[in-house]
Each structure stands twice: as C-alpha cells, then as structure tokens.
Amino acid sequence: MSVYDTLNKEQKKAVLTTEGPLLLLAGAGSGKTRVLTHRIAYLIEELGVSPWNILAITFTNKAAEEMRERLNRIIGFGAEQIWAATFHSTCVRILRRHIDRLGFDNHFTIYDADDQKSVVKDICKRFGIDTKQTREKEFLNVISSAKDKLISPLEYRSQTRGDFTKRRYGEVYEEYQEVLRRNNALDFDDLIVKTVELFKTCPEVLENYQNRFCYISVDEYQDTNRAQFELIRLLAEKSRNLCVVGDDDQSIYKFRGADIRNILNFEQVYPEAKVIKLEQNYRSTGNILNAANAVIRHNKGRKDKALWTDRGEGSNVHFRQFDTAYEEADYIVGDIVSKVSGGTRKFGDFAVLYRTNAQSRLLEERLITEGIPYDVVGGVNFYSRREIKDVLAYLKTIDNGLDEVAVKRIINIPKRGIGPSTIARLDDYAQMRDISFYEALEDADNIMDLGRPIAKINAFVTLIRTFRTKAEFMSISDLILDILEKIDYKSYVDSFAEEDAEDRIHNVEELVNKAVSFQEARDQGSLSEFLEEVALVADIDNMNDDGNRVLLMTLHSAKGLEFPAVYMAGMEDGLFPSYQAANAEDPSELEEERRLAYVGITRTKEDLTLTSARTRMLRGETQYNTVSRFVKEIPEELLDGGTVWGRKQWQRMGEGGDDFGNGTAWGRSARKGAGSFAAAENGSSRSEARDFRPKAVLRPKTTAKADKPFIAKGMDSLNRLAGVSKGMPKQAPAAVDYAEGDRVSHVKYGLGTVLHLEKDVRDIKVTVDFDRAGQKIMYASFAKLKKV
DNA sequence: TTTTACTTCGTTTTT
DNA sequence: CGAAGTAAAA
C-alpha cells in the first residue's frame, strides 16, 4: 500500500472514498490529477473493480491523454480499458453507435464555428434578416446558450412568445436545427444535447451505459454546463458512484455556458454526498500563493478556502510597467534571454500568458529577432485554416454527401465556373424536390434553366464519385494526396495566395502527415473517424512539451498547466480585466476575469512577473491604459516593483490615468492628432530598434503561427519567413539530387532517411523517415531537402 | 462569372 | 491595422 502513503491525509481520504457521490474541492496545484488517478488505481487494484467499468471525463484531449498516461504508469494491467475521454469525444463515440435512433445517419459530420456561421447566414438570407442588424454570431450565441441549458427550439419558442426579437431568434433556431438535420450534421453543443436526448428517448441504451459505468469521475467540474450536468446525472443515476473534481475559483468558461451552480449546489442534488477539500498546494512558493489568495479574495459568492504551502516564501512577485507594448515585449524576451544565459533556466521553463490572442504578435516578433525557440498555443486553429478546411470539405463530401456546407464550399474550389447564381438555382431545385443539395447536383441534367454550367456540374459529380470509389480501398493519406493532385490544389493556392503559398502547402502536407499517424495509431481507421478526430482537437492538445521552447498562450489555454517561470503580460485595466467586463453592470463578469487572473498566477511555480504598458495599439488606434486593478489587489509586501517604476509611482499615475475615462481613449481624435502613420510608428521609433519591419519579413501571414513545431533558428528561419523562396522556382524540379535510402536534412524536422520517391504530375512526392519527427510525406519543391 | 476596388467593422476567452 | 464583405467592372 506504499503507493498511497505518498498522499496527504485529505488526498488519501479522497482516494479511499469510492462509494457514493463525492465532491472534491481541489485548489490549484493541490494534486487533484494525482488523486484521481490513484483513486482509479485503488478501485482496480484494491477493490477489484474492472477497468471496463470506469469512466473518467475531462475537458481537453490533453488532459485525457495525461490521465491515460498516468494510469498506464501506475496500473499494471488493463489500464487501456478505462474509458478516459473528453465530454465531446465520449458523446461522439456513443452517438456513432446509436444516433440512428434519433433519425440521423451514423456518418454524421461535426460542424465547427465556420460551418455554423454559413448555415445561419444562409437562413438569414432566406428569412430576409439583415445580418448587419443582427449578426450571425448573435444568433449562434443565442442558440448555443439555449442548447447549453437543454432548451429545444420548441421550448425556446414557448418561453419567448411575447418578445418580438426573441421570437425571431426562435425561428432561426428552429430552422437551424432543421438544416443541420438535413445535412446530417451536429454542432459541438449538439454532441452533448443529442446524447442526452438519446438517453431520454431510449432507456435501454441509457441502461446499457449505466450498467457499464459503475464508477464515474469528472474533472474540471466547475466548467460543466447544464447539459453536461444532465448527461452525467443520467449516467450516474444508477450507481451514484460519482466523483466530481473542481475549483469554483477556477471557473473561467461562463461565456461558454459553464454553470457554477453545478458545483455550488452539488450537495443539494446529492444530499448523501461527501465533500473533501484539498487546500495544500504543492506547486507554488508562498509569495505567489499569497498573491493569488489576495486577488481571489475580492470575489464574493465562492466556497471559502485558502491555499497554503509548506514550501518557503520564495521570491517576490515582480511587476513592471512600460511606456509601450513594444518595450513590454522587449523586456520579457530580454529577461528570458538573461535568465537562460545566466544558466538558471532553460527556454522550456517559461510561459508568457496574456488575455487576448492578438497580444502574441509583438512577443513573437521579439522572440524571432532574438532567435528564441517558442510555440504559440491557440490563435488560428490549425484545422480552421482555409486550405485545411478546403481539403476537409472534400473529405466530408466524400464521406457524407448530405453535408451541404462542405459541398458548397468546394464546388467552386478550384474555380470551375459554378458561381452563386448557379448555386441558387440548384438550391431552389433541391428545395422544390425536397432533396439534398448534392442530390440536386447529381440531377443537374433535369434542371431546365441551368444552361452551360451543366457540364461543369456533371464533371464535379463524376470527380466526387471517383473519389468515393477510391476511398473504399485507398488509405486516407493517399486519398488526400490524390485529391490534391486531381484538383491541382497547388496551382490554386498559388493563384490566391502568392505570398504564403508555401506555408499553406506546408499545412496541407502536415494534414497528410496527421492522416498517416492517425492510420498508424488506429490501424486503418475510417474516414468518418478521421474527420471526427480532426473536428474535436483543440490547439492545446497539439502542444508537446518536449521541445524546450518558450510557450505563448492565453490565460484560458493555460488552465491545468504549470511552469517554473510565468509572465503575465498586458496587466492593464481595459485589457485585463477587459473593457466590457470592467464596465458591465453585472459584477459577476468582473469576477470571472478575476478568476482568470487567479488561474494565471497559480500556474507559477517559482517566478512570476506581471507587466503592463501605458500605451497599446488596438485595431489601429492607440489606447491608454492604467495598471490592472488585479495588480493593485496584491499586497505591497509581496510585490517587487523594480527600481525604475516603483509602486508609488505607478499608483500615482494610475490614479491620474483615470482621467482618460477608465483608461481607454476610444475616440478617433487620438489618431487624427497624431497623423495616420505617426500613430503606428510612435511607439516603435522612439524606443530604438523596435522598427524591425517590413512586417512581411517577420510575420508573413498568420498562417506561419500555429504551424506549431516552428523553431526559429537564427537566419535560417528568418529567411524562410522572409519569403526568400519568392525568387525560387515555382515549377517543380524535374529531379532531385537524392534517392531512396539517402540521408537528407530538412529545415524543420532535421535529419532523416528517404524512404520513397514518387513522381507526380508536376512534382515529386517524397516520403522521409525523420529521426526526431517520424515519417512525413512532402512535395520536393517545397520541402527543400538537402542531401547530407 | 470572376476579378478589383472600396467600405466596414472589430477583440475577449474555446470544447 | 487588417480581414472580410460588398459593389462595380471586365
């Protein structure tokens, strides 16, 4: 039993409390994952519970993966039988089996935000709704929050009968669901909602899962919404062995429907529930913890608790204020460099956290010029890149012809001369005959007033048919490559994106690689499975910590992670807390921001630095901000304000700064006064070397960003970024100077062995087995492999 | 039908 | 400032 002796008293109690409902209030860094995994191990090894009867739910794939890894390590046998997955993937797995009972086809596709938006856009057009007055996003917000609360279109309508505008929302909601059904598609919220619906309409299916999942645990419980609560409630109804783990102070997803009452009222719903608090923190030093406690104390309506540690005080929390955001970035990067060269830290020890994704840009620019390896988590999701979505739309069309959004996306990609008016005609026809859009395409010959485009449509249908046949026997990666070749995607990309064509092709190659590794992992998974996996990954899931790189991410993405040294940048009122949260009439919005600050602070093990800038460019305008109130909530004795900007000074300035009207100068006057260029250059030219544009050089396009294993290696990568390739041959090389079996090197992946060479229509397809990065397939003209 | 030139508008946060 | 969307021209 020695394994369990490493736990503290409360942790041990939590591990041993296996029967009945259990609420585990686990503060940041209190070892909750450890408790969860040990608890499961205890169930299996000491109580003889079958791994097959255990369900462990998390929010991110990364967390699920970590859970599985740890379980593998501590459980000798059968760990892989434990169902450890996210809410969403759990639901997909269940729905793939049973959704036909709800009138869907089991090959349903999953819609992301883009797809949802185009559905709503289409509806608005048909309903004659002006999307300038009410944006698509607004409708989607309403729909999503209704779904979070398990309110069906019907219920929504009856609840909002009196209100004219809301009735409108109801109509759109209803039609939206109708369209999704026709397209055989589900959005993210539907995954949960439909599973609940399935359980409620098919008791025997529910019972089946109730019998299987005898022990259920849910991580990050404070972030669950009503629908997720209901899902869990149903599953646990029979066994009532439900262990939820959460921290109300870390609830930061209210905007996504998280209902904190799930955790606050747990004991009412489960009167027999036991409650255990974990308050000992094993992560941070005393000063950091006290700072975190001091900040969160300003929130009302939280479960009372205070983290403590028996580690020493550690160093103070650092705070620096700068004139401009450039100087802020400059300082952070410089500080990292000096600590690394001083030998106290390595790059991988650092994380820079910020409120909004846009803030990453400046930091990246500095990091690149300093040649520091870094990763950005988030930003534009890999799978929402235009080029990736194009390819995926082809795959979706092949897999599920009912998915109208996908078909419409690619019907004219590359340009085939099928324009909006033709599509409108096809739409009308489909509507009239009550068939799907794709079926209308197949029926093009019978549509009278179509005219010339008929031939083009037929060609498209034939193309898709060919792909469908090939999909039967081809691997997914080969299918993708075949699609790329047949539609000549490369020239298409060249035509619409001259500058960053290379990056885009690179991204597509990366997708091929993902397909390869997917198939290796799953031993030939189906196309549906691939598309589903792709739809459910978040950016954080792709993060691998084995690179010794500085990490940049939003505070939201940082939840659940920890780092020896953390910078929280942009600690300014108006940015963090955000302008709208600070000015909202509902004080809970500000409290949510404060929890975010709490999350950020508690990511830190040893070194925490808070920074802010007096001036910051936001959408082309200069904004004047005062120091964040969250900084001011930290007691003076825990802070170390540096020599130049002592606390007194910034406090005085902060108070004076209020003249700016909460620190924000929104008016156009600021810009006009400075002249349209001056505003942009002000900050940079004044502070010496900040003007290192042309920006085309440093930041070709956002595409380069999340292309994640991006290692800035001095000039090499700078040249790559600078688009030096522009002068390079666009046309593929007729031959390459390496052959199968040769050793080659790649800018990004390093050394590898050429496995296979294949001549394409206009390029050479190279398969390389890289020592570090594994097997990759790439086009010779873009890969620029060097023989070694 | 496609390309271009111009206008508008926005930033929280994401499974 | 830039992306994205709209109106007009080719």
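Both backbone and side-chain heavy atoms feed into the values below; hydrogens, waters and symmetry mates do not. Residue numbering restarts at 1 for every chain, and letters A, B, ... go by the order of the sequence lines. Not measured: the values here are computed from a predicted model.
Atom P of nucleotide dT13(B) and atom CZ of Arg595(A) are separated by 18 Å, given to the nearest angstrom. In this structure, CD of Gln580(A) is placed 12 Å from P of dG10(B), rounded to the nearest angstrom.
Out of dG2(C), dT3(B), dT13(B), the shortest distance to the side chain of Lys415(A) is found at dT3(B).
DNA chain B is contacted by both Arg416(A) and Glu589(A); Arg416(A) maps to the nucleotide lying nearer its 5′ end (nearest heavy atom per residue).
Residue ring and nucleobase are stacked for Phe255(A) and dT13(B), with a centre distance beneath 5.5 angstrom and an angle between planes beneath 30°. An aromatic stacking contact between Phe59(A) and the base of dT15(B) is absent, as defined here by ring centres under 5.5 Å apart and ring planes under 30° from parallel.
Close to dT11(B), at under 4.0 Å from its OP1 or OP2, lies no side-chain N or O of Ser578(A).
By the 6.0 Å and 45° rule, Lys194(A) does not stack over the aromatic ring of Phe104(A).
Nucleic acid contact for Thr86(A): none, since no nucleic acid atom lies under 4.0 Å from a heavy atom of the residue.
Within the 4.5 Å cutoff, side-chain heavy atoms of Asn262(A) are placed close to those of Tyr221(A).
Contact of His88(A) with dT15(B) (side chain to base): a donor-acceptor pair of N or O atoms is detected under 3.5 Å.
Of the possible polar contacts, none joining the Glu592(A) side chain to the Glu589(A) backbone as a donor-acceptor pair under 3.5 Å is found.
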